[in-house]
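One structure is given here, and the rest of the page talks about it.
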Amino acid sequence: MKAKTPSFIIDVELKGTNRDLLMIDAELEINRVIYNTSLGEYLKREKQMKRTKRYKKFVRISRAIKSQLAKNSNKEKMEYYRDERKNLSEEFKKLREEFGLTEYSMHEYIKEVRNHFHGKVNSIIAQKTATRAWHTFKKKLFGQAKKVIFVKRGEIDSFEGKNNDTGWRFKDGKVISNDTVFALKVKEMDMYLKEAFHLLNSQQIFQYKNKEEETVTDFYRVKYVRILKRVIRGIVRYYAQLVCTGYPPVKRDRKTGQGKYPLGKGPIGIDIGTSSIAVSSTTKVLLKNLAENIKKVEHVQRDIRLYNRKLDRSKRATNPQNFDEAGRIKKGKKQWEFSKNYKKLKSQLKELYRKLALYRKFSHQYEVNRMVMLGDTFYVEEMNFKALQKRAKKTEVSEKTGKYKKKKRFGKTIARRSPAAFVSILSKKVTALGGTFIKVKTSSFKASQYDHKADKCKKKELLERWHRFDDDTKVQRDLYSAFLLMNSDLLGIKSDRVSCLNKFEQFYKFHEEEIEKIENKQEVILNSGIKLKGKRPEECAA
């Protein structure tokens, strides 16, 4: 397995003749066929494997082991059944290998598909596309997805290689494929891109620490090239993403030449939720909503809601036979008809989603750039946002109403706010500037339960948004969690109580100033529990 190195991406638009750009379209279509063919072959092989007596026997044994592990409490028996499960897992692996249900088995199979297209696609790129199909199929194979989805004609939007030696490659400031040369559109005032290209061309040396905490020396270079097709305002444009080894260049002030956002000093605790973020540092505390710095975000979200309603009305008008009297979609196989207006609205909606993703990314970057100036050691709780998007499995009845509780969770909120993307941008920025980014385990740290004054943990309900101490002092729950994270021990396992006691008075002062500022500005911070005059309680919740 290859060692992971720090990486960053340079995204540049390609310049070329119409004929050259049509060549990219043709290559995208061939990669689509390779992808779909690989998926289809994987499904055939899986079907053949599941017909065998060995597979059926392994499934029965697996169910029996699972049942015994659920029933038994005897340690010796538990260990025995765990060992049996490991052995069975090895048997399953051998069976999959026999039927070619592996990543590299498909690399051999797609040679014929590539030859069918007279080798127009480079062998390395074809293998990477087959690997992409494997990652899709693997989710179904291991029960993470119910089915695989084939890509329709014209809907594949990217392909990439494995190295910068063959196929699509970057050389002398240009992207080359066979005999075709594509220039890159670089603006004269884009100092960031110019510095990035300088690092690549001069092959400057950098250092980083590997998993074993050893210092490794490497040089800036392009790992591989990814080609992207984007539809922007109805116009098709082609981009090259240069995946480079190293750290991204620091954005500098044009007048001084110094870094715009220098790294601060001191520890910072960050409590990130599905829609808001709480920050505690030695100089200030912050409580903000995610992805709300750019006002355009709100306008685009509103337009998306309106477009979705228009699409639903259009779909119902042209397909009344597919809906029952209550307006629900009928079960079973159906044929759908879509009007020209529906297709037009759908392309406009796609453009809105593109804008929303862009504005949200800008908003995250804006917050991150200002956050790195507060300190150099960041503590963030590990959060499985993907699990929070899923519907609840258990069917529960409400004690108050006697009705079934809704199973929906935080899917829409997470899609709208992208908290995981924020953490990813922050960690890369901090690491690139030479800071430390530590993810602490939520289960062991218990930042939302610990009381540093009483030195004990007390479980809170999700609705409890304020932490009350025994002396009746109260602090906002998320800000207090951030404070506890800021005062983490060196290993990031728990809060250092002595440090908490020493710094709490200063934190409480900052806390009161931040709450007062929010109340004065009438800012609605989602799920914060801060009541504002003239605002209904539901307006202060997600």
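The structure displayed is predicted, hence computed values, not measured ones.
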For this session: With ring pair (Phe, Tyr, Trp, His ring centres under 6.0 Å) as the test, would you mind laying out the steps for F206 and F219 before giving the verdict?
Result: CA-CA 6 Å; F206 71 95; F219 62 93; 8.5 Å; no

Using modelled atom types and a 3.5 Å cut-off, is there a donor and acceptor pairing between side-chain atoms of [X] and backbone atoms of [Y]?
| X | Y | value |
| --- | --- | --- |
| T442 | E382 | yes |
| R32 | I30 | no |
| S202 | H198 | yes |
| K140 | K146 | no |
| H467 | V475 | no |
| S418 | A421 | no |
| R221 | N201 | no |
| R132 | K128 | no |
| S424 | A420 | no |
| D190 | V186 | no |

What closest approach, in Å, do [X] and [Y] show between heavy atoms, and which atom pair accounts for it?
| X | Y | result |
| --- | --- | --- |
| L485 | A447 | CG-CB, 4.2 Å |
| I176 | V181 | CG1-CG2, 4.4 Å |
| V231 | R354 | O-CD, 3.8 Å |
| Y192 | P248 | OH-CB, 3.4 Å |
| A126 | V121 | N-CG1, 4.0 Å |
| T274 | R417 | O-CB, 3.5 Å |

Below 4.5 Å, heavy atoms only, C-beta onward: do [X] and [Y] meet side chain to side chain?
| X | Y | result |
| --- | --- | --- |
| K288 | V279 | no |
| D489 | S495 | no |
| S528 | Q476 | yes |
| V380 | V440 | no |
| V222 | L200 | yes |
| K223 | S7 | yes |
| Y224 | N164 | no |
| L14 | V175 | yes |

Looking only at the side chains, is there a donor atom on one of [X] and [Y] sitting less than 3.5 Å from an acceptor on the other?
| X | Y | value |
| --- | --- | --- |
| S105 | T102 | yes |
| N31 | T129 | yes |
| E160 | W168 | no |
| K429 | N369 | yes |
| Q449 | K460 | no |

Heavy-atom neighbours of [X] [atom1] exceed 12 at 6.0 Å:
| X | atom1 | result |
| --- | --- | --- |
| E505 | CD | no |
| Y104 | OH | no |
| N178 | CG | no |
| D172 | CG | no |

[atom1] of [X] to [atom2] of [Y]: how many Å apart, nearest 0.5 Å?
| X | Y | atom1 | atom2 | value |
| --- | --- | --- | --- | --- |
| K174 | K15 | NZ | NZ | 9.5 Å |
| S280 | N487 | OG | CG | 7.0 Å |
| T131 | K162 | OG1 | NZ | 5.0 Å |
| I515 | K474 | CD1 | NZ | 9.0 Å |
| S481 | F445 | OG | CZ | 9.5 Å |
| E13 | K185 | CD | NZ | 4.0 Å |

Seminar exercise, completed: Only residue of F469, Y450, F510 satisfying ring pair (Phe, Tyr, Trp, His ring centres under 6.0 Å) with Y480 is F469

For this session: Anything under 30° is parallel, anything over 60° is perpendicular, the rest tilted; go ahead and classify Y508 against H511.
Result: parallel

Exercise. So H364 and F422, would you call those rings parallel, tilted or perpendicular, with 30° and 60° as cut-offs?
Worked result: perpendicular

Problem set entry | Y35/W134 aromatic ring centres below 6.0 Å | no

For this session: Please confirm whether Y247 and F8 have ring centers closer than 6.0 angstrom.
Result: no

For this session: Report the C-alpha distance between N289 and I277 in whole Å, list the side-chain angles of each, state the deciding distance to 0.1 Å, and finish with yes or no for side chain to side chain contact (heavy atoms under 4.5 Å, CB included).
Result: CA-CA 6 Å; N289 290 327; I277 182 168; over 6 Å; no

Charged N to carboxylate O below 4.0 Å: is that the case for [X] and [Y]?
| X | Y | result |
| --- | --- | --- |
| K503 | D496 | no |
| K229 | D25 | yes |
| D271 | R477 | no |
| E381 | K439 | no |
| K517 | E514 | yes |

Measure from NZ or CZ of [X] to the centre of the six-membered ring of [Y] and say whether it is under 6.0 Å with the direction within 45° of the ring axis.
| X | Y | result |
| --- | --- | --- |
| R360 | F362 | no |
| R230 | Y238 | no |
| R237 | Y239 | no |

Exercise. Should Q301 and Y359 be marked as a side chain to side chain contact (heavy atoms under 4.5 Å, CB included) after you check the CA-CA gap, both sets of side-chain angles, and the distance that decides it?
Worked result: CA-CA 11 Å; Q301 285 173 352; Y359 295 149; over 6 Å; no

For this session: Determine, step by step, whether D478 and R465 satisfy the salt bridge (charged side-chain N to carboxylate O under 4.0 Å, His left out) criterion, reporting the C-alpha distance in whole Å, the side-chain angles of both residues, the deciding distance to 0.1 Å, and the verdict.
Result: CA-CA 8 Å; D478 300 330; R465 305 314 304 169; 3.1 Å; yes

For this session: Take Y42 and T136 through the side chain to side chain contact (heavy atoms under 4.5 Å, CB included) test and state the conclusion after the steps.
Result: CA-CA 10 Å; Y42 275 130; T136 302; over 6 Å; no

For this session: Could you give me the CA-CA distance, side-chain angles and deciding distance for E351 and R233, then say whether side chain to side chain contact (heavy atoms under 4.5 Å, CB included) is met?
Result: CA-CA 6 Å; E351 174 65 13; R233 300 181 193 93; 3.5 Å; yes

